[in-house]
Structures are given as structure tokens and as C-alpha cells.
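See below for the structure under consideration.
The figures here come from the full heavy-atom set of this structure, side chains too, leaving out hydrogens, waters and symmetry mates. Letters A, B, ... mirror the listed sequences (proteins, then strands); counts begin at 1.
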Amino acid sequence: MLTSKNMTNRQIAELLIDVAAAHQLVDPKTYKFQIIAYNRAASSVEHATSELKDLWDDGKLDSVPGIGKSIAGHLSEIFSTGKSRHFEQISKGIPVEVFKLMELPGIGIKTAIKMVKEESKTEIKKKLDEVNKIRNKNKRHLLPYAQKIASELTKWLLDDLNCKNVQVLGSLRRKVATIGDIDIAVATNNPVKTIEHFVNFPKLQKIIEKGDKTASILVPGGVSVDLLVSSVDSFGSALQHFTGSKFHNIALREYANKLGYSLSEYGIKKKKSKKETSASTVNKFRDEKSFYNFLKLDYIEPEIREGTDEIKASMNHTLPKLVEVGDLKGDLHIHSNYDIETSHDLGLSSMKDLVKKANELKYEYLAMSEHNPSKSKHTEAQIVDILKRKREKVEQLNYSLSKTKNNSVKKVFNSLEIDIMPDGLLPVSGVGLQTLDFAIVSVHSSFRLKRNEMTKRVLSALAHPKVLIFAHPVARKINQREGIDLNWEQIFEFCVKNNKILEINSSPARLDLPDLLVRDAVNAGVKMSINTDSHHLDHMDGIGNGVSVARRGWCEKKDIINTMSLEKFKEVIQ
DNA sequence: GCCGTTTTCGGCCCGACTGTTTTCAGTCG
């Protein structure tokens, strides 16, 4: 159990899992609830949107759910001294290898201890190598990749004629940014045959487990697929159960408990009182809505089933009406192939083709937002010339649109995605900016500035009156690059005060703002814009990814500016 | 160890599969 003053959230989460395991070893019965608490805290830390070290600096460690007085105290000790006496005490005598071995699937602390005691040094070494391999390989998959495998499996399962319904559930249905494994439920007349069919999937690599009701296989890319079989008349409960999240289900069951019910994938039953010996009958549900309604709850959309406060809102009938793809009236971040000698990659489709695509999507407007002309290759005067030329091009396009009938697109805006330089300045002068309808700014370099510096950098760029949108604000690339470190409270406050918009970028490797920050932004009253950042007209179909992120962040239509009509949006940029 | 529309005390989800200690512990989601 290694600790240091500068632990990242990821490392702290791992530490808390180890602490939970240590309690498990010492006495699982006595520490039953501490184990739950530490594991819960670990998961919470892993998903936190600020580094705990920063929160500790600000004295806000206990703002993280699942971290109370005690854990906050231990972490505080670690941040100031590099060590925790309590964590050292509880893990005394447990070899470090034990915690590493627990990263292997199916290995808990008891098994790991046994292995270290009984197996040879070379055997252990082999297994530790395996752990490192898993660590390197075990990246979570992007949505499109997972979706492709899931649809292949769905098709395969439907080949079995006993199969009446197949649904992809779990994190894929909740539209989490990255997918660890794939969960599928089937309604079948013949569970045995259906499971047999499932494990005969042509691309199968390995059967992990196979029982009467569930099975689990490994498919190429190291993706595991869990199958749950159900009957048609209780399929609703199965959907609910397997959609999760785990924390939503736990919260839902705690809530149901208080009403005297017990929930499972089979349905809802009245809790047995101590006198009763025979099991009570199970209420079955064909669909999810009736399942939730039975518990006096409004239906909860899958994207927000994360165990935060959705059950409370459902109970009080205050759930948001989440934004939908059909609400969008335009896409404000699109790169055409019109060559303005940009600092980063140019788009691949012509403005004309992009407008045609926007027509198909029933948009009223879109914005051509290429990267700014590269600063190193041009003088300021040249940049202004280039931008004037582009303005004319867009004006021509608008003129021809005004002459064309039956197109839904009425207006193309002239925009630009401008780099925010490390010092917060923009590589386009005031004169250049005046050629634009509005500007988008974003960070494409110097990602590692300290939080205060980075916040200052971004705010100084946002301050220019022409700047409307802060694009992919976290600047992360999933599985490749961590995001930048910003003081979000300050950013949100500035945006609200000055009518600046935060982008929800739909690119599957970005999904940025991330869902949790979207939720914070909504609560702070910040308006957002869902854009595709398309570099090809086909990318414009990906808008749904951004909409999913917005939905996970509890966005309603009113929170998203590009759901506005053209007239309303024009007012915004005035 | 955390947490609160019933609680600052007294609760804390529920079931499946594996392997083996044939009645359950360990692990997982």
C-alpha cells in the first residue's frame, strides 16, 4: 500500500479499494459496512471532476460524496505527510503483491493471500506480469466500437428462434463515455438453448462462465459480454436490473425497502416478515415503466440512472425533460475544406456538401468554424486578408441559400475555432475577429499549466466580445490524454455573467464537457451548445453522442443554445 | 464509515456462478 503527498485521484481510488480489502481480510463481519463505505468512496473519487489534492487545498475534501470525516482525515494526513497511520496499521503484514494480484479477475484478497503463501516465487512473478499486461491493455472502449460489437451480438442472438427480444443494456444503454463490458438481456422461451447459442458466437474467444440464467464470454479486443436470460413476462425487471447503474440499483432497492418491497431482476416482492416462512409472490413487469410506477416513481431515463439524486427527483415528480436529438436546430462547430491555411487539420467536405447534409438533418442553421490561419506562417495583415476572403465565401453561400427554396437551412454563420495561446492571447487580431459572426476558442497546446494559470489563460481568451463558445473545454482525448486543470467554479461564474457558452463536443474520443461537469454547469446556470466538430459531413451524424452527454448531465432543451430557432440565436450573437 | 423528506442513531441491495470445505465462502456486477 503505497502513499505519497501528490497522489492522483486514480491512485487514491486504488488505495481506498486496497484499504477496503484489508478490512475484508482482518474481519469481514465486523467491518462489513466499512468495506462498503471504502469501496463506495473509491468509486466516487474515481469519478470526481476535481483532483482531490486541489479540493484539499481549498478545504473542500468532504464535498466528495462518500467521503466523510474519517476518510477525509486520513487523506488529509496523506496530503500533508505522505502517509496515513491508520492505513498502514490496517494493512500491516499484508505483502504488496497481494494488492496487485487482486487486479486479476476472480481474485479477491483471500485468494491473493493464499496464492502468496502457497505458490512459488516464479509462479507469483508470472501472475504479476499478467497484472501488468492487463493494466496496459485494459483501456475502456469508445462508444462506437462497443456499439459495433453489441449490434453484431444482437444480430447473432436473434438467429435463435427462441429469442423474442434482445436489448443492449448496462453502460452502453446509459451512454457512458467509455464502455468496460457489454451487457445484453434476452427474453426467451428456452433459456438453455439461448445460452448455448450465445456461447457459440462465431467470434467467441473464451467462455468466462455459463449458468442457467446468465453467461459471460470474451470476444476479440478483450471485451467481455454478459448475457442475462429472462422470460417475456418479467423482461421489464430484467431490463431495469441489467441497465444499472450499480449505484442506481442500490439506491432504488434502499428506497423500495422502506416501502416494504424487495427488488430483483425477477420483479418486486413484498418483504417477508419474520413470522412468514413461505416466499411471497413476485410481481412481474413486462416493461420498465410499470416497474418504476409500481414503486410510485416516474420513469427514469437510463442516462441519469447513476445513483445521485434521480430517485428523489422521480419521487417528487421533478425529473427534467431531457434534451433530444430532434430539439437541435443547428451545429455550430464544423470544419469545411475551404482552405484558409489553418493551424490544425482542415475539414474534408465542401461548404456546399455540409449545407446539404444539414438540410437532411433538418437544421435551420450551421456555422463554418475552421481552425484559425496559422500564426507562424502568416503576418497579421495576411490573416486579416484570408479571413475577409472567407467572409465573402460565406456571404455568397448565404446569398445562394436565400435564392433556393425548400431547404431547411436558412443561414450559414461565419465562425472560426481559434487557439488559446499559452499566455491567453488569441492568434487573430481585433480586425480579424470583426470579420466573424462569432468566435469559438479552444486549447490545443500547453495542456499542463497549473490550475490557476490555466484558468487565467482561458478567462482572458473568453473575455473578447466576439468570443461566444469555449470548445471542448477539458481538452481531453479519451484513453490518450488527460484533460486540462481548470477552476470550474470560476469558469462557470464567468460564463453566466458574460453570456459565454460551453461546448459539449460530440466526437466520441472527446465527449467534452464530460457529463459530470455538464451537470455542474446546468446547476450553475451555464448555457451550453452541442456540436459535432465535424471534419467530414459524415461526422455530422454523430450529434447523438453529444446529446447523450447532455442528457447524462440532466440538460433540458432550454440549457442548449442550438435548440433555439434561428431568430432567437441571432439575438444571442448580437 | 457514511448518511438523513422517518433516523445525529441505526440502518446499510440482491442474486448468480465457481469450486469444492456437500452447504458454503469468495467474487462479481
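- Looking at A:Lys83, A:Arg85, A:His86 one by one, the single match for side-chain hydrogen bond (donor to acceptor under 3.5 Å, both in side chains) with A:Glu77 turns out to be A:Arg85.
- Comparing A:Ile208 and A:Ile250, the nucleotide of DNA chain B nearest to each residue sits closer to the 5' end for A:Ile250.
- Between the P atom of B:dG1 and the CG atom of A:Leu15 lies a distance of 13 Å, rounded to the nearest Å.
- Nucleic acid contact for A:Leu263: sugar-phosphate only, since backbone atoms but no base atoms lie under 4.0 Å from a heavy atom of the residue.
- One finds a side-chain N or O of A:Ser70 lying less than 4.0 angstrom from the OP1 or OP2 phosphate oxygen of B:dG1.
- Residue A:Tyr38 contributes atom OH, which lies 13 Å from atom P of B:dC3 at whole-angstrom precision.
- Side-chain atoms of A:Thr194 come within 3.5 Å of backbone N or O of A:Asn190 as a donor-acceptor pair.
- The aromatic rings of A:Tyr292 and A:His248 lie tilted to each other, with the angle between the two planes from 30° to 60°.
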Quick one, give me the B/S/- string for nucleotides 23-29 of chain B, reading 5' to 3', where B means a protein heavy atom under 4.0 Å from the base and S means that only happens at the primed atoms, P, OP1 or OP2.
---SSS-
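- Nucleotides B:dC12 and B:dC17 place their P atoms 26 Å apart, quoted to the nearest Å.
- Applying the Watson-Crick and G-U wobble criteria (two distances, each under 3.5 Å), B:dT8 pairs with nothing in any strand.
- Comparing the same atom, C1', in B:dG4 and in B:dT8 gives a spacing of 9 Å after rounding to whole Å.
- Whole-Å rounding puts the A:Leu16 CG to B:dG1 C1' distance at 12 Å.
- When all heavy atoms of A:Met102 and A:Ala112 are compared, the closest pair comes out as CG-CB, 4.1 Å.
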Under the criterion salt bridge (charged side-chain N to carboxylate O under 4.0 Å, His left out), I'd like the reasoning laid out for A:Lys125 against A:Asp129: C-alpha separation, chi angles, the key distance, then a yes or no.
CA-CA 6 Å; A:Lys125 171 95 181 37; A:Asp129 287 344; 3.5 Å; yes
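- Judged by ring centres under 5.5 Å apart and planes tilted less than 30 degrees, A:Phe33 stacks against the six-membered base ring of B:dC12.
- Residue contacts for A:Ile71: at a heavy-atom cut-off of 4.0 Å it reaches the sugar-phosphate backbone alone, with no base atom in range.
- The distance between atom NZ of A:Lys213 and atom P of B:dA16, rounded to the nearest whole Å, is 5 Å.
- A:His86 comes within 4.0 angstrom of sugar-phosphate atoms only, judged by non-hydrogen atoms across all strands, and of no base.
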Under the criterion side-chain contact (heavy atoms from CB on, under 4.5 Å), I'd like the reasoning laid out for A:Lys312 against A:Tyr255: C-alpha separation, chi angles, the key distance, then a yes or no.
CA-CA 9 Å; A:Lys312 201 162 110 192; A:Tyr255 162 82; over 6 Å; no
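- A:Thr318 places a side-chain N or O within donor-acceptor distance of the main-chain N or O of A:Ala313, the cut-off being under 3.5 Å.
- Between B:dG15 and B:dG10, the two C1' atoms lie 25 Å apart (nearest whole Å).
- Comparing B:dC14 with B:dT7, their P atoms are spaced 22 Å from each other, to the whole Å.
- Spacing between B:dG29 and B:dC13 at atom C1', rounded to whole Å, works out to 12 Å.
- Computed from coordinates, the A:Glu254 CD to B:dC2 C1' distance equals 11 Å when rounded to whole Å.
- Under the side-chain hydrogen bond (donor to acceptor under 3.5 Å, both in side chains) rule, A:Asp515 has a single partner from A:Arg552, A:Arg174, A:Lys175, A:His47, which is A:Arg552.
- With B:dG1, B:dC13, B:dG15 as the choices, the nucleotide that has an atom nearest any side-chain atom of A:Arg40 turns out to be B:dC13.
- A:Lys69 comes within contact range of the sugar-phosphate backbone alone, with a heavy-atom separation under 4.0 Å but no base atom that close.
- For the pair A:Asp309 CG and B:dT5 P, the computed distance is 11 Å after rounding to whole Å.
- Comparing B:dA16 with B:dG11, their C1' atoms are spaced 26 Å from each other, to the whole Å.
- Using a 4.0 Å heavy-atom criterion, one finds that A:Lys258 contacts the bases of the nucleic acid, with or without backbone contacts as well.
- A sub-4.0 Å separation between OP1 or OP2 of B:dC14 and a side-chain N or O of A:Asn257 is present.
- Between A:Ser262 and B:dC14 there is a side-chain polar atom (N or O) within less than 4.0 angstrom of OP1 or OP2.
- The separation of B:dT21 from B:dA25, taken at their P atoms, amounts to 14 Å, rounded to a whole angstrom.
- Picking from B:dG1, B:dG15, B:dT5 the nucleotide with the shortest atom distance to the side chain of A:Gln34 gives B:dG1.
- Distance from the side chain of A:Thr214 is smallest to B:dA16 among B:dG1, B:dT5, B:dA16.
- Protein atom CG of A:Leu61 is 15 Å distant from nucleotide atom P of B:dG1, rounded to whole Å.
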Using the salt bridge (charged side-chain N to carboxylate O under 4.0 Å, His left out) rule, take A:Lys126 and A:Glu130 through it: C-alpha gap first, then chi angles, then the decisive distance, then the call.
CA-CA 6 Å; A:Lys126 241 202 228 158; A:Glu130 213 176 310; over 6 Å; no
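- Atom OH in A:Tyr266 sits roughly 19 Å away from atom P in B:dC13 (whole-Å rounding).
- Separating the C1' atom of B:dT5 from that of B:dG1 is a span of 23 Å, rounded to the nearest Å.
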